[in-house]
Amino acid sequence: MKTTSKIAVFDTTLRDGEQAAGTRLGSRDKITLARQLARLRVDIIEAGFPASSPEDFDAVRKIALEIEGPTICALSRAVASDIEACGRALENAKRPRIHTGIGVSDIHIMGKFKDDKYGKTLAEKKVKMIDQAVEAVKLARSYVDDVQFYAEDAGRSEPLYLYEMLKAVIDAGATVVNIPDTTGYAVPEQYGALIRGICENVPNIARATISVHCHNDLGLAVANSLAGILNGARQVEGTINGIGERAGNAALEEVVMGIRTRADYYTVDTDIEPREFYRTSRMVADMLGMPVPANKAIIGTSAFAHSSGIHVDGFLKDRQTYEIMLPQDVGMLESKVVLTARTGRAGLRSRLEKLGYEISKQELDSVYQRFLAVADKKQEVLDEDLVAIVHDELPPVQQSYKLEYLHSYSGTSAIPTATVRVLVKGKSIEGASTGDGQVDAVYKAIEKVTGASAKLLRYEIRGVTGGAEAQGEVTVHLEAGNLRVMGRGVSTDIIEASAKAYVDGLNRLG
Ligand code: KIV
Ligand code: ZN
């Protein structure tokens with residue numbers, strides 16, 4: 001029988017996430033987000049880098065004081081003053097953790113520690129790095145019992161050196177060893193093998209938890225994190241919406257829902273409350289001014305939206321045909337059928353039924369044609385558009401007149417003129433007229449061909465939905481004898497909507 005191990009979720013939205021270009025969170029926003037991360041039930045919140053600025057120090061201190069559920073972690077380089085700042089900022093935390101570390105790849109060691117004080121050759125510098133890392137972990141342990149060590153750029157490091165470094169820091173007291181793919185260079189098979197290699201070659205590894213921390217430069221952060229978990233990591237690091245340096249970090253919502261949805265494959269679980277994902281994602285997007293793309297996995301607005309005819313038809317018969325998760329599981333309201341020109345009759349009928357319209361097949365045909373005409377002009381047909389179309393296409397009154405054709409023109413030096421063809425009691429009649437304005441010309445032409453007339457008491461126009469391609473709705477109030485009626489017309493062309501409203505009013509006058 002397979003057993004399910006727990007994966008600890010380490011959220012670094014407030015530290016690595018906040019390093020995204022052009023973003024900055026004030027301590028007030030950080031605390032609000034930390035509260036939300038606690039509701040999401042992450043195991044560890046990396047609250048900041050206290051030595052980096054007084055504001056970050058203050059944010060970490062306040063989060064440590066207030067947030068009770070998760071472990072509160074603070075970042076430092078392997079430098080005494082950084083570690084001391086973490087120790088002070090975390091003083092009031094119920095469960096404090098210091099995260100310290102150093103570069104382990106040849107590129108990092110040679111590039112960042114050029115000074116001879118770190119050794120003259122690469123070999124000498126490598127020995128010095130281990131000494132410095134061990135000292136840092138020991139110092140951090142003098143402040144807190146829980147110390148996480150990061151082996152920066154482990155994704156490009158030489159494995160034998162990495163094993164040696166990890167053994168030394170675990171002996172020095174590290175409780176968690178973080179294996180960052182700092183530059184997002186690794187690919188899943190290779191990163192998985194790196195984690196497997198650590199499990200098999202670091203003799204004291206049983207005394208520490210292995211953590212995966214992947215960046216997304218090749219779009220592989222989530223895949224690499226999952227590969228690491230499959231190969232023995234028991235902590236995963238990432239950010240909400242995948243925000244972070246350059247192309248960002250592993251998106252936690254994707255990692256966690258991957259684990260949950262494919263529990264059959266990963267046989268691990270987390271304590272996350274996934275119904276908080278959507279809310280958390282919106283908060284992060286709003287506070288950092290980084291909107292979530294509509295097609296973003298798990299929490300994008302289109303993540304549970306179906307549009308093409310084949311998909312909508314299948315989804316409406318059985319949602320499992322095109323959905324592997326429920327939107328409610330991640331805190332979204334419901335799956336959405338987006339009405340576009342490709343939606344098809346089944347999708348249209350289902351939406352009409354939801355809006356309360358029971359219509360015959362013949363009626364559906366005429367509404368569908370109108371729907372297509374609107375959908376060709378607009379990206380998405382909204383419920384308001386649909387209601388307007390239905391009311392326009394399926395009028396509740398006897399149709400004595402039906403507008404068949406309209407042509408009108410006007411201009412600064414032209415007399416407004418309109419030509420109309422109207423079906424009058426089954427017979428098409430065409431006629432033209434001029435008027436004071438375009439609408440007046442149209443109304444006079446309609447009166448001419450129908451032989452009906454009414455006093456126009458009121459004329460109103462409004463956009464049914466927003467945007468340049470929105471439909472316009474015209475409402476007219478007409479009076480004839482002692483009868484007063486209202487007529488409505490809808491079209492993406494306001495002159496046509498005006499003509500339809502007038503014809504609708506005349507029909508109601510009988
Ligand atoms: O990507 C990285 O290497 C990091 C470390 C500081 C943990 O963010
Ligand atoms: Zn990072």
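Both ligands and their constituent atoms are indexed starting at 1 by order of listing. Residues take their numbers from the sequence shown, with the count starting at 1. FYI, side chains are in, hydrogens and waters are out, and symmetry mates aren't considered; it's all heavy atoms of this structure.
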For the residue pair Lys126 and Tyr161, would you count it as a cation-pi contact if the rule is NZ or CZ under 6.0 angstrom from the ring centre and within 45 degrees of the ring axis?
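Satisfied, under 6.0 Å and within 45°.
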Can you confirm whether His213 sits close enough to Val236 that some side-chain heavy atom of one is under 4.5 Å from a side-chain heavy atom of the other?
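Answer no - side chains too far apart.
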May I ask you to decide if [Y]'s main-chain N or O and [X]'s side chain share a donor-acceptor pair within less than 3.5 Å?
{"X": "Asn216", "Y": "Ala221", "answer": "yes"}
{"X": "Asp56", "Y": "Phe49", "answer": "yes"}
{"X": "Ser211", "Y": "Asn178", "answer": "no"}

Ser491: which residues meet the side chain to side chain contact (heavy atoms under 4.5 Å, CB included) condition with it, sequence neighbours left out?
Asp493, Glu496, Ala497
For ligand 1, give me the residues whose heavy-atom distance to it is below 4.0 Å, by chain and number please.
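Residues near ligand 1: Arg15, Asp16, His99, Tyr150, Glu152, Asn178, Pro180, Thr182, His213, His215.
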What are the protein N/O/S atoms, named by residue and atom, that sit under 2.8 Å from the Zn ion (ligand 2)?
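N, O, S partners closer than 2.8 Å: Asp16 OD2, His213 NE2, His215 NE2.
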Restricting to pairs with a member in residues 8-41, which pass ring pair (Phe, Tyr, Trp, His ring centres under 6.0 Å), not counting sequence neighbours?
Phe10-His99
Under 3.5 Å, is there a donor-acceptor pair linking the side chains of Glu46 and Gln148?
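Distance-only check fails for Glu46 and Gln148.
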Report the residue from Ile130, Asp131, Val137 that forms a side chain to side chain contact (heavy atoms under 4.5 Å, CB included) with Val134.
Ile130
